J.: 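What follows is a single structure, and I will ask about it in a moment.
As the structure is a prediction and not an experimental result, all values here were calculated from the model. Reckoned from all heavy atoms, side chains included, excluding hydrogens, waters and symmetry mates.
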Amino acid sequence: MNTITAAITAVGAYVPDYVLSNEVLETMIDTTDEWITTRTGIKERRILKEKGKGSSYLAIKAAQNLIDKTGLDPKTIDLVILASATPDMPVASTGVYVASQIGATNAYAYDLQAACSSFLYGMSNAAAYIQSGRYKKVLLIGADKMSSIIDYTDRATCIIFGDGAGAVLFEPNHEGLGLQDEILKSDGIGRDYLKIDAGGSILPASKETVENGLHTVFQDGKTVFKYAVSGMADVSEQIMERNGLTGDSVNWLVAHQANKRIIDATAQRMNLDEEKVLINIHRYGNTTSGTLPLLLSDFEKQLKKGDNLIFASFGGGFTWGSIYLKWAYDTK
């Protein structure tokens, strides 16, 4: 085949050592392990405790893991895309710093922010660069230090989020493998339901915004849950229909790990057997941009060349979508 497709050819990941379990949260807020588990599917999450380290630290670790596993020369990387909702700082691009730190000195880099859909949107971007023929190696990293924007007295949010990162390498493929199709959506109605009020250009940081706790995540859980269930399920079903796929022909659902009930609802709409649904939310919670690549890393050995993967995500804004990808390699 002469047509260039964009395939994932390598995966890397990193999560911090510190484990914040449901039992520890029981000592911090009014909750129980049973309450958290039944409503979210989460048992524990990882937290980056070291002072002075942000999302770039997680991203560098995940990228380095990929480089070490594959022997990739970072100087051959053409582009680094950092998907993140928690950049190290305003203005200065975190992705640019990450690229420099991993030795990708011939690459250009940028940040992509679409809340929990950042990595999914990044897959579309990375694939487009490869398919254009202009670039041969695009490194896409999803990394978030969600603990930096969470109020650990707010039971509605602190039980959900964790820190982590994953990275994938996109390269040209001439066998018809890689990204096949995508449906990406957004709707500004979500701006009111999942947000951080202060710290941006509308409400800059001040003594009052800090004292009033306006620099941490606010989530209207019921509304977000309703939109997420319908959004993720709708696009996943649509992309299957558009590509002639059935529950039998889809090998794996790679869904954003926000809530086990949302993932289950999506799988049911797709008529997928439970064993085809990749799950690690119980180990990491919602790592936002890190969830999809962390799934690929955890289950890499089970993925076979030619497998049909359906990716799905939903995030603040609202942002959501689904991508159909054919896996390009067997893990040795």
J.: Can you confirm whether more than 12 heavy atoms, excluding those of K195, are under 6.0 Å from its NZ atom?
T.: yes
J.: Quick one: list whatever passes side chain to side chain contact (heavy atoms under 4.5 Å, CB included) with E241, sequence neighbours left out.
T.: E237
J.: Will you find, in the side chains of E26 and N22, an N or O donor that is under 3.5 Å from an N or O acceptor?
T.: no
J.: Between the side chains of T153 and D151, does any donor sit under 3.5 Å from an acceptor?
T.: yes
J.: E171: what forms a salt bridge (Lys or Arg N to Asp or Glu O under 4.0 Å) with it, not counting sequence neighbours?
T.: K137
J.: Please list, chain by chain and in numerical order, all residues satisfying side chain to side chain contact (heavy atoms under 4.5 Å, CB included) with E50, sequence neighbours excluded.
T.: L48, K53
J.: Inspect the contact between E175 and K305 and indicate whether a charged nitrogen and a carboxylate oxygen are less than 4.0 angstrom apart.
T.: yes
J.: State, yes or no, whether a side-chain contact exists between T288 and F161 at a heavy-atom distance under 4.5 Å.
T.: yes
J.: Are I8 and L296 packed together at the side-chain level, in the sense that at least one heavy-atom pair is separated by less than 4.5 angstrom?
T.: yes
J.: If we count only N and O atoms by modelled type, under 3.5 Å, do the side chains of S147 and D163 hold a donor and an acceptor together?
T.: yes
J.: Any heavy-atom pair between the side chains of T331 and L303 that's under 4.5 Å?
T.: no
J.: Side chain to side chain contact (heavy atoms under 4.5 Å, CB included) with A198: which residues, sequence neighbours excluded?
T.: L203, T209, L214, H215
J.: Any non-hydrogen side-chain atom of T287 less than 4.5 Å from a side-chain atom of Q257?
T.: no
J.: Judged by atom type as modelled, is there a donor-acceptor pair below 3.5 Å linking the side chain of W35 to the main-chain atoms of T37?
T.: no
J.: Hey, are the side chains of I4 and H174 touching, using non-hydrogen atoms and a 4.5 Å cut-off?
T.: yes
J.: Got a sec, which pairs hit salt bridge (Lys or Arg N to Asp or Glu O under 4.0 Å) with one end in residues 274-286, sequence neighbours left out?
T.: R283-D298
J.: Between R46 (side chain) and P16 (backbone), is there a donor-acceptor pair under 3.5 Å?
T.: yes
J.: Would you please name every residue forming a salt bridge (Lys or Arg N to Asp or Glu O under 4.0 Å) with D307, sequence neighbours left out?
T.: none
J.: Tell me whether N259 contacts the main-chain N or O of R39 through its side chain, where contact means a donor paired with an acceptor under 3.5 Å.
T.: yes
J.: Looking only at heavy atoms, what is the nearest atom pair of G41 and I281, with distance?
T.: O-CG2, 3.9 Å
J.: Which pairs, with at least one residue in residues 69-80 and sequence neighbours excluded, count as a side-chain hydrogen bond (donor to acceptor under 3.5 Å, both in side chains)?
T.: K69-E300
J.: Using every non-hydrogen atom in the two residues, find where A115 and A85 come nearest and quote the distance to one decimal.
T.: CA-CB, 4.3 Å
J.: Looking at side-chain heavy atoms only, is the closest gap between V254 and L292 below 4.5 Å?
T.: yes
J.: Quick check against the 3.5 Å criterion: does S93 have a side-chain atom that pairs as donor or acceptor with the backbone of A109?
T.: no
J.: Report yes or no: does T5 contribute a side-chain atom to a donor-acceptor pair with the main-chain N or O of N173 at less than 3.5 Å?
T.: yes
J.: In terms of side-chain heavy atoms, does D144 have a donor or acceptor partner in S289 at a distance below 3.5 Å?
T.: yes
J.: Considering only NZ, NE, NH1 and NH2 on the basic side and carboxylate oxygens on the acidic side, decide whether K43 and D33 come within less than 4.0 Å.
T.: yes
J.: Working note: N212 + E208, criterion side-chain hydrogen bond (donor to acceptor under 3.5 Å, both in side chains); need CA distance, chi angles, decisive distance, verdict.
T.: CA-CA 6 Å; N212 291 320; E208 288 73 24; over 6 Å; no
J.: Compare every heavy atom of S56 with every heavy atom of T94, then report the nearest pair and how far apart it is.
T.: CG2-CB, 3.7 Å
J.: Which residues, ordered by chain and number, are linked to V91 in its hydrophobic cluster, where ILVMFWY side chains connect at heavy-atom gaps below 4.5 Å, directly or through other members?
T.: none
J.: Suppose clustering is done on Ile, Leu, Val, Met, Phe, Trp and Tyr with side-chain heavy atoms closer than 4.5 Å. Which residues sit in the same group as L169?
T.: I60, L66, I67, L72, I77, V80, L82, Y97, V98, I102, L139, I141
J.: Hey, does D181 have a side-chain heavy atom less than 4.5 Å from the side chain of I323?
T.: no
J.: Go through the structure and list residues passing side chain to side chain contact (heavy atoms under 4.5 Å, CB included) with I29, not counting sequence neighbours.
T.: T31, R155, C158, I159
J.: Could you check whether T86 and S55, counting side-chain N and O atoms only, form a donor-acceptor pair closer than 3.5 Å?
T.: yes
J.: Determine yes or no for a side-chain-to-main-chain donor-acceptor pair under 3.5 angstrom, with T40 supplying the side chain and I36 the backbone.
T.: yes
J.: Does the side chain of L179 come within less than 4.5 Å of E182's, by heavy atoms?
T.: yes
J.: R191: what forms a side chain to side chain donor-acceptor pair (under 3.5 Å) with it, not counting sequence neighbours?
T.: none
J.: Show every ring-ring contact (aromatic ring centres under 6.0 Å, His included) that has at least one partner inside residues 218-262, sequence neighbours left out.
T.: Y227-F318
J.: Would Q219 and T157 count as having a side-chain donor-acceptor pair, cut-off 3.5 Å?
T.: no
J.: Could you report the tightest heavy-atom contact between A228 and I262, atom names first, then the distance?
T.: CB-CD1, 3.7 Å
J.: Would L253 and W327 show up in the same hydrophobic cluster when neighbours are defined by side-chain heavy atoms closer than 4.5 Å?
T.: no
